[in-house]
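Written below as structure tokens is the structure these notes are about.
Every heavy atom of this structure was used, including side-chain atoms; hydrogens, water molecules and symmetry mates were not. These numbers were taken from a predicted model, which means no experiment stands behind them.
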Amino acid sequence: MVKTRFAPSPTGFLHIGGARTALFSWLHARRHGGQFVLRIEDTDLERSTPEAVNAILEGMSWLGLDYDEGPFYQTQRFDRYREVIQQLLAEDKAYYCYCTKEELDALRAEQMAQKIKPRYDGRYREYKGAPREGVEPVIRFKNPLDGITVIDDLIHGPITFQNSELDDLIIARADGTPTYNFCVVVDDMDMGITHVIRGDDHINNTPRQVNILEALGAPVPKYAHVAMILGDDGQKLSKRHGAVSVLQYRDDGFLPEAVLNYLVRLGWSHGDQEVFSLDEMIRLFDIHDVNKSASAFNTGKLLWLNQQYMMEMPPEHLARHLSPHLGALGIDPSDGPDPVDVVREMACRAQTLKELAEQSAFFYVDPQSYDEKSAKQHLKPEAATPLAAARERFAALPDWQPEAIHAAVAEVAEALQLKMGKVAQPLRVAVVGRAASPGIDVTLQLVGRVAVLRRIDRALALLAG
RNA sequence: GCUCCCAUCGUCUAGUGGCCUAGGACACAGCCCUCUCAAGGCUGGUACAGGGGUUCGAAUCCCCUUGGGAGCGCCA
């Protein structure tokens with residue numbers, strides 16, 4: 001059975017690159033009816049934080065990437081790592097190395113100076129002497145000295161490494177704690193991981209891990225190394241790019257399904273299709289179809305996708321998603337039109353929930369000021385007549401429905417020999433505060449007659465000076 | 001420096017030797033629709049990094065160059 005894992009280290013939030021790796025792993029498992037496990041790689045006690053763990057868990061749950069096992073924490077598996085290390089030691093597949101950090105640094109500096117690849121020279125590999133005084137030894141893995149290790153990468157195809165290029169890596173520190181490359185191997189083995197999908201910055205670690213796996217007599221999983229994601233500017237993703245945490249996207253008003261859809265298309269495609277439901281992704285996703293090259297994150301396209309999702313989503317759902325963003329603006333929708341009706345009209349006019357809330361605020365609160373340009377253009381002295389005429393008709397309308405409102409506006413235009421725009425635009429600015437909104441009839445209907453009359457009066461007062 | 005990876009429009013990508021005078025999407029421009037802004041529809045411009053091969057034929061296969069990136073930790 002297929003079993004994949006996502007194994008972030010909790011030294012920061014779940015960023016967009018990690019989220020895509022998680023998505024690919026999740027998709028691969030789901031697609032094959034397998035299992036997906038979450039493992040927190042927190043062996044770096046210095047840099048791991050509980051806040052980061054929470055951020056990762058929260059990010060996963062917001063995206064809806066559920067796991068069948070875990071979260072496992074490597075810090076809770078130290079006994080198991082120690083056990084495997086002892087086994088390796090007993091089988092002469094690992095050994096104590098008494099080099100000090102200073103000696104290692106010196107060796108590295110020397111090699112760099114000679115312009116050769118810095119690496120451990122194996123000086124304690126066959127050491128049979130007594131433990132060196134005053135040095136807490138580390139434990140190193142005995143990497144094969146010759147031969148080749150081939151990774152048959154699902155994305156890249158075969159990648160060949162000379163074992164002679166690999167040195168004897170440290171699997172346990174002087175304080176006895178195990179290191180990353182070793183823990184990964186033990187965990188992948190114990191957890192029965194069949195497919196390792198991860199960033200391509202791990203390609204160079206893979207032959208070492210394969211060699212350890214083989215020393216342990218464990219089956220070697222299939223590997224798939226996914227290229228990294230670049231920032232909008234094509235540069236490596238960094239703090240400078242702003243919203244790098246997936247939770248930031250949530251707060252900025254993106255829908256998780258839009259983010260997922262955007263992410264899956266970064267490096268993967270299915271012909272010309274751009275929009276995929278979750279079910280389609282699961283059905284269509286194939287790790288073999290993933291691109292080898294890095295791709296740049298394009299916020300513009302995410303924005304477009306997010307809007308597509310907002311427009312397609314049932315208004316009832318959209319309204320629910322909108323409510324926290326309305327709340328953030330201090331708006332209580334119960335004071336005005338049903339958000340479901342608002343959202344039906346506004347979804348095609350905003351790209352994020354946050355923007356949707358901002359654009360929709362006028363339905364609930366009178367504009368605090370008029371957009372300068374719009375007011376200058378439409379709230380001119382000559383607008384007073386149509387505004388007043390419209391106000392009069394509105395006040396007398398027997399029923400406050402779009403059809404009636406539209407007819408009233410048209411009548412005013414005709415009576416005054418004006419084009420529709422000369423009536424609708426001043427009305428719009430007076431009621432909305434700016435020159436952009438849904439059709440004037442629905443807009444006014446939703447705002448409500450009382451508020452509309454009040455806002456017109458205010459504009460009229462302003463025009464009267 | 002050494003090892004490994006990568007290379008089609010500005011961006012995401014289609015393309016696995018002929019269907020490619022290179023297709024789609026985002027963005028951009030124009031037009032249509034129109035009471036505004038959107039949405040939607042239509043139209044347009046822009047790409048196979050360079051050089052060698054292989055082949056009747058190369059975006060597709062091979063080599064080199066160039067340019068990016070990663071790794072070379074008692075970090076993950």
Side-chain angles (χ1 to χ4, degrees), chain A residues 7-11 41-44 46-48 74 97 99-101 104-105 108 111-120 136-140 151 153 156 159-162 165-167 169-177 179-181 183-184 199-207 225 227-228 230 232 234 236 262 265-275 291-305 307-308 311 345-351 359 374 378 406 409-410 413 419-429 432 434-441 443:
Chain A
S9 61
T11 53
E41 310 220 321
D42 55 354
T43 53
D44 184 350
E46 305 279 302
R47 299 196 300 153
S48 300
Q74 292 188 321
C97 168
C99 280
T100 62
K101 275 183 184 167
L104 255 19
D105 288 344
R108 210 167 1 247
Q111 289 164 326
M112 296 282 251
Q114 285 180 36
K115 298 196 183 302
I116 57 173
K117 186 174 181 171
R119 50 211 292 243
Y120 175 64
E136 281 301 326
V138 298
I139 298 169
R140 288 183 185 270
I151 310 165
D153 194 279
H156 295 266
I159 305 175
T160 305
F161 293 86
Q162 297 294 326
E165 285 294 332
L166 279 19
D167 59 3
L169 75 158
I170 292 172
I171 56 177
R173 304 181 179 95
D175 66 4
T177 56
T179 59
Y180 166 75
N181 275 109
C183 299
V184 167
D200 68 0
D201 49 332
H202 288 284
I203 288 182
N204 289 298
N205 286 327
T206 311
H225 288 98
M228 63 185 299
L230 275 16
D232 266 315
K236 192 179 170 183
Y262 178 73
R265 282 285 290 106
L266 225 46
W268 176 81
S269 60
H270 180 72
D272 287 338
Q273 191 170 345
E274 294 289 348
V275 182
N291 261 197
K292 292 187 274 206
S293 49
S295 38
F297 191 87
N298 185 206
T299 306
K301 190 156 181 181
L302 204 215
L303 249 9
W304 171 78
L305 254 179
Q307 180 172 40
Q308 295 299 309
M311 290 190 298
E345 294 298 327
M346 296 299 293
C348 64
R349 282 164 241 267
Q351 297 192 293
Q359 302 289 327
S374 309
H378 304 292
H406 188 270
V409 174
K419 284 188 172 179
M420 269 293 271
K422 289 290 178 194
V423 182
Q425 283 303 78
L427 273 172
R428 187 166 349 245
V429 178
V432 178
R434 67 189 120 88
S437 85
I440 195 67
D441 44 5
T443 298

Rounded distance in Å - NZ (A/Lys101) to C1' (B/G73): 9 Å

Decide yes or no, distance alone: a donor-acceptor N/O pair under 3.5 angstrom between the base of B/C37 and the side-chain of A/Arg349. yes

With rounding to whole Å, what would you report as the distance between B/U16 and B/C26 at their P atoms? 23 Å

Can a side chain N or O of A/Thr179 be found less than 4.0 Å away from OP1 or OP2 on B/C74? no

When rounded to the nearest Å, what value does the distance between C1' atoms of B/C20 and B/A27 take? 24 Å

Whole-angstrom distance between B/A70 and B/U13, as gauged at atom C1': 23 Å

At under 4.0 Å, does any side-chain N or O of A/His156 touch on OP1 or OP2 of B/C6? yes

Give one of base, sugar-phosphate or nothing for A/Met112, where a contact means two heavy atoms less than 4.0 Å apart. nothing

A/Val138 side chain: which of B/C35, B/C74, B/A39 is closest? B/C74

Heavy atoms, side chains only, cut-off 4.5 Å: are A/Asn298 and A/Asp232 in contact? yes

Heavy-atom closest pair (A/Ser48 atom, A/Asp44 atom, distance to 0.1 Å) is OG-O, 2.9 Å

To the closest 0.5 Å, what do you measure between CD1 (A/Ile440) and CD (A/Gln425)? 7.5 Å

Please report the distance, rounded to the nearest Å, between CG in A/Asp201 and C1' in B/C6. 14 Å

Spacing of the C1' atoms in B/A7 and B/G51 (rounded, Å): 15 Å

Among B/A76, B/U13, B/G73, the one nearest A/Thr43 by side-chain distance: B/A76

Could you tell me how far apart A/Lys301 (NZ) and B/G10 (P) are, to the nearest whole angstrom? 15 Å

Measuring only the P atom in each nucleotide, how far is B/U60 from B/G41? A whole number of Å is fine. 35 Å

Of all the nucleotides listed (B/A25, B/C12, B/G69), which has the minimum atom distance to the side chain of A/Ser295? B/C12

Is A/Arg265 touching bases, backbone alone, or none of the nucleic acid, heavy atoms closer than 4.0 Å? base

Any A/Gln111 side-chain nitrogen or oxygen under 4.0 Å from OP1 or OP2 of B/U3: no

Select one nucleotide: of B/A76, B/C35, B/C4, the one nearest the side-chain heavy atoms of A/Ile203. B/C4

What residues form a ring pair (Phe, Tyr, Trp, His ring centres under 6.0 Å) with A/His202, not counting sequence neighbours? A/Tyr180

Work out how far the P atom of B/U65 is from that of B/U55, and round it to whole angstrom. 23 Å

Hey, what do you get for CD (A/Gln308) to NZ (A/Lys301), rounding to the nearest 0.5 Å? 11.0 Å

Could you go through the side-chain contact (heavy atoms from CB on, under 4.5 Å) check for A/Met228 and A/Asp201 one step at a time? CA-CA 8 Å; A/Met228 63 185 299; A/Asp201 49 332; over 6 Å; no

A/Ile170 or A/Gln307: which one's nearest nucleotide on RNA chain B is closer to the 5' end? A/Gln307

Is the aromatic ring centre of A/His225 closer than 5.5 Å to the centre of the six-membered base ring of B/A70, with the two planes inclined by less than 30°? no

Separation of A/Leu104 CG from A/Ile170 CD1 (nearest 0.5 Å): 6.0 Å

I'd like the C1' distance from B/A59 over to B/C48, given in whole Å. 4 Å

Rounded to whole Å, the OH-P distance (A/Tyr180 to B/A76) equals 9 Å

Return the nearest nucleotide to the side chain of A/Cys348; candidates are B/A38, B/C2, B/U13. B/A38

For A/Cys97, report the nucleic acid contact type (base, sugar-phosphate, nothing); a contact means any heavy atom under 4.0 Å. nothing

In whole angstroms, the gap separating P of B/A76 from CD1 of A/Ile171 amounts to 13 Å

For a quick check, tell me whether the side chain of A/Asp272 and the base of B/G23 share a donor-acceptor pair closer than 3.5 Å. yes

Ignoring the backbone of A/Ile159, work out which of B/U3, B/A7, B/C4 is nearest its side chain. B/C4

Which of these nucleotides, B/A39, B/A7, B/G24, is closest to any side-chain atom of A/Ser293? B/A7

Give A/Ala296 one of three labels, base, sugar-phosphate or nothing, depending on what nucleic acid heavy atoms sit under 4.0 Å from its own. sugar-phosphate

Could you check how far CG of A/Asp153 sits from C1' of B/C6, rounded to whole Å? 13 Å

Just call it for A/Met311: base, sugar-phosphate, or nothing, with non-hydrogen atoms closer than 4.0 Å on any strand. sugar-phosphate

Which value, in whole Å, describes the distance between the P atoms of nucleotides B/A49 and B/C12? 14 Å

With heavy atoms under 4.0 Å as the rule, sort A/Pro438 into base, sugar-phosphate or nothing. base

Considering heavy-atom distances to RNA chain B, does A/Gly267 or A/Asn204 have its closest nucleotide positioned more toward the 5' end? A/Gly267

Side-chain contact, heavy-atom cut-off 4.5 Å: A/Ile151 with A/Phe161? yes

Nearest to the side chain of A/Trp304 - B/A39, B/A27, B/C12? B/A27

B/A76 base / A/Asn205 side chain donor-acceptor hit below 3.5 Å: yes

Just the rounded figure in Å: distance from C1' of B/G10 to CG of A/Leu230. 14 Å

Checking all strands, does A/Glu274 fall into the base, sugar-phosphate, or nothing category for heavy-atom contacts under 4.0 angstrom? base

Within the structure shown, what part of the strands sits under 4.0 Å from A/Glu345 by heavy-atom distance: base, sugar-phosphate, or nothing? nothing

Does B/G73 have OP1 or OP2 sitting under 4.0 Å from an N or O in the side chain of A/Arg108? yes

Closest to the side chain of A/Glu41, out of B/A76, B/A39, B/C74, is B/A76

Between A/Asn291 (CG) and B/A25 (P), how many Å, whole number? 19 Å

Sugar-phosphate, base or nothing in reach of A/Phe161, heavy atoms under 4.0 Å: sugar-phosphate

Using side-chain contact (heavy atoms from CB on, under 4.5 Å) as the criterion, list what pairs up with A/Lys292, not counting sequence neighbours. A/Ile155, A/His156

